[in-house]
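Only a predicted model underlies this, so the values are computations on that prediction, with no experimental measurement involved.
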Amino acid sequence: MKGNSFDFSQAVSYHAGAFPPPAIDYAQVMEPLLRATDSLARFDQMLKAMHNSEILLAPLRNQEAVISSRMEGTISTMDEILQYQAEHAEAETSTEVRSEVIETILYRRALNAAQKQLQDGYPLSASLVKSMHRQLLSFGRGANKSPGQFKQEQNFIGDKGSRIIRFIPISPEQLTGGIEALFAFIGAGPQPPLLRTALAHLEFEALHPFEDGNGRVGRILVTLMLWKSGLISAPHFYISRYFEEHKDDYIHLMRETSRTRTWEPWCAFFLTAVEQQAQHNLTVAESIRSLYEEMKSRFAASLSSKWAVRALDFIFANPIFRNSSFTRDSGIPAATAARFTRVLQEEGLLQVVRPAAGQRPATYRFEPLMERVRV
């Protein structure tokens with residue numbers, strides 16, 4: 001939002017000179033910090049016990065993409081984005097896909113790309129954030145808002161649908177220094193990693209360095225910071241659900257931090273978010289793992305083949321898929337894969353999303369998994 005005949009009477013300005021905070025009153029944050037640390041450790045213990053967490057927890061990443069995008073007004077469903085992914089490689093000109101679906105998919109791709117960059121040894125930096133932003137806004141409503149470039153004009157945060165400005169981020173002239181201070185803090189702040197993540201997330205949102213997409217990039221940074229600091233052993237912690245469910249508090253406490261220059265209430269809120277989200281993610285992940293073990297036995301009995309586990313892994317990673325990609329990409333002999341889809345459909349485990357027509361192969365949905373991960 002850019003300012004032009006807006007109401008600034010209630011606006012709070014960026015907390016110039018107050019980041020990083022010189023001190024934190026640990027008496028106010030120690031209890032939520034300990035609870036968050038414990039919940040996150042239990043979630044990570046489960047991650048470490050999963051030999052195939054990339055397969056089993058792919059649905060959580062899709063959940064995060066849907067919810068984080070929804071917080072910015074991009075409304076799509078898990079079924080829509082998974083169906084688009086299933087059919088994208090063989091897109092048909094007759095298929096109309098809502099731009100919101102593609103915008104949500106770009107969120108997941110930006111997170112995946114950033115994860116790979118960190119795995120390749122790149123640091124969390126302004127350059128990496130710009131790269132994420134470039135991919136995130138490569139299509140859709142943000143594509144004309146300087147993807148990959150920091151803002152050149154002052155931006156503002158206000159109430160959607162009104163002309164009331166609530167927050168004035170840092171000016172473009174001061175942004176370079178603010179970004180440098182932020183990433184220096186991310187790399188070497190003195191606070192415990194969870195508390196450092198809380199402070200860094202608020203600072204990024206207060207800087208609001210891009211014309212658009214700041215919220216989504218900032219939430220990706222939470223996952224990357226927790227992973228990079230070693231608090232989670234794999235980048236599978238996603239926090240947007242709690243932020244969406246408590247969106248008013250989320251926005252209010254960020255704004256109050258700049259107004260009062262008091263960081264502890266925000267930190268306590270963020271740490272509670274981590275605690276609650278870790279518990280929720282653990283419940284969902286355990287449900288997915290339980291389903292996987294149940295289906296391992298069922299697939300073995302129904303398919304009577306040495307390829308049964310490979311089929312199960314493919315379907316868990318792609319709960320909506322095209323028959324052609326299953327026969328081509330699963331590593332299972334084509335004739336065997338074709339038999340599997342027939343058997344699993346007869347067993348009621350696969351449902352037809354789109355039937356085969358002409359040269360177009362059928363698209364299937366693995367409903368037992370979808371029931372556990374829809375948002």
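- Ser290 has its side chain out of reach of Glu293: every pair of non-hydrogen atoms, C-beta onward, lies at least 4.5 Å apart.
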Run the ring-ring contact (aromatic ring centres under 6.0 Å, His included) check on Phe167 and Phe156 step by step: do they pass? CA-CA 6 Å; Phe167 186 75; Phe156 306 95; 9.9 Å; no

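- The OG atom of Ser125 lies 8.0 Å from the CD atom of Gln117; values are rounded to the nearest 0.5 Å.
- A donor-acceptor pair under 3.5 Å links the side-chain atoms of Ser229 to the main chain of Leu226, judged by distance alone.
- Under a hydrophobic-cluster definition in which Ile, Leu, Val, Met, Phe, Trp and Tyr are linked whenever side-chain heavy atoms come within less than 4.5 Å, directly or via other members, Phe270 and Tyr26 are assigned to the same cluster.
- Between Trp266 and His201, the angle of the ring planes stays under 30°, which puts this pair in the parallel group of the 30/60° scheme.
- Closest heavy-atom contact between Met132 and Ala110: O-CB, 3.8 Å.
- Using a 4.5 Å heavy-atom cutoff, the side chains of Leu111 and Leu224 are in contact.
- At a threshold of 4.5 Å between side-chain heavy atoms, the hydrophobic network of Ile, Leu, Val, Met, Phe, Trp and Tyr places Met30 and Leu231 in one connected group.
- At a threshold of 4.5 Å between non-hydrogen side-chain atoms, the residues Phe243 and Ile251 do not count as touching.
- For Gln28 (side chain) and Glu264 (main-chain N/O), no donor-acceptor pair under 3.5 Å exists by modelled atom type.
- A salt bridge between Lys247 and Glu244 is absent, with no side-chain N of the basic residue lying under 4.0 Å from a carboxylate O of the acidic one.
- A distance of 8.0 Å separates CD in Gln119 from NZ in Lys116, rounded to the nearest 0.5 Å.
- Smallest separation of non-hydrogen atoms from Ile179 and Ala126: CG2-CB, 3.7 Å.
- Residue Thr341 forms a side chain to side chain contact (heavy atoms under 4.5 Å, CB included) with just one option from Thr327, Ile315, Asn323, Val352, and that option is Asn323.
- Between Ile164 and Gln10, the closest heavy-atom pair is CG2-NE2, 4.1 Å.
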Check the pair Arg365 / Gln351 against side chain to side chain donor-acceptor pair (under 3.5 Å), numbers first and verdict last. CA-CA 5 Å; Arg365 179 177 65 239; Gln351 297 182 1; 2.7 Å; yes

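- Phe269 and Tyr250 have tilted rings, their planes meeting at an angle from 30° to 60° on a 0 to 90° scale.
- Below 30°, between 30° and 60°, or above 60°: for Phe321 and Tyr364 the angle between ring planes is between 30° and 60°, a tilted geometry.
- Taking the charged nitrogens against the carboxylate oxygens, Arg35 and Glu31 do have a contact shorter than 4.0 Å, which makes a salt bridge.
- Proximity of Glu256 to Thr260: side-chain heavy atoms (C-beta onward) are separated by under 4.5 Å at one or more points.
- Side chain of Thr223 to main chain of Phe237: a donor-acceptor pair is present (N/O by atom type, distance under 3.5 Å, no hydrogens or angles).
- Within a 6.0 Å radius of CD in Gln152, other residues, nucleotides and ligands contribute 12 heavy atoms or fewer.
- Looking at Thr272, its side chain does come within 3.5 Å of a backbone N or O of Ala268 through a donor-acceptor pair.
- Considering only heavy atoms from C-beta on, Tyr238 stays 4.5 Å or farther from Arg219 through its side chain.
- Leu34 and Phe43 end up in the same hydrophobic cluster when Ile, Leu, Val, Met, Phe, Trp and Tyr side chains are linked at under 4.5 Å.
- When all heavy atoms of Pro172 and Lys151 are compared, the closest pair comes out as CB-O, 3.9 Å.
- Side-chain contact between Asn318 and Phe366 is absent, with no heavy atoms from C-beta onward closer than 4.5 Å.
- Distance check: Thr336 OG1 to Leu303 CG gives 10.0 Å after rounding to the nearest 0.5 Å.
- Contact record, Gly148 with His133: N-ND1, 2.9 Å, taken as the closest heavy-atom pair.
- You'll find the side chain of Pro209 reaches within 4.5 Å of the side chain of Phe204, heavy atoms only.
- Distance CE/Met295 to CG/Asp313: 14.0 Å, rounded to 0.5 Å.
- A distance of 11.0 Å separates OG of Ser13 from CD1 of Ile165, quoted to the nearest 0.5 Å.
- Of the possible polar contacts, none joining the Arg354 side chain to the Thr363 backbone as a donor-acceptor pair under 3.5 Å is found.
- Under the 3.5 Å distance criterion, the side-chain polar atoms of His246 are matched with a main-chain donor or acceptor of Tyr242.
- Side-chain contact between Asn112 and Arg108 is present, with at least one heavy-atom pair separated by less than 4.5 Å.
- Taking each heavy atom of Leu253 and Pro265 in turn, the nearest pair found is CD2-CB, 4.0 Å.
- How far OG1 of Thr257 is from CZ of Arg255: 11.5 Å, rounded to the nearest 0.5 Å.
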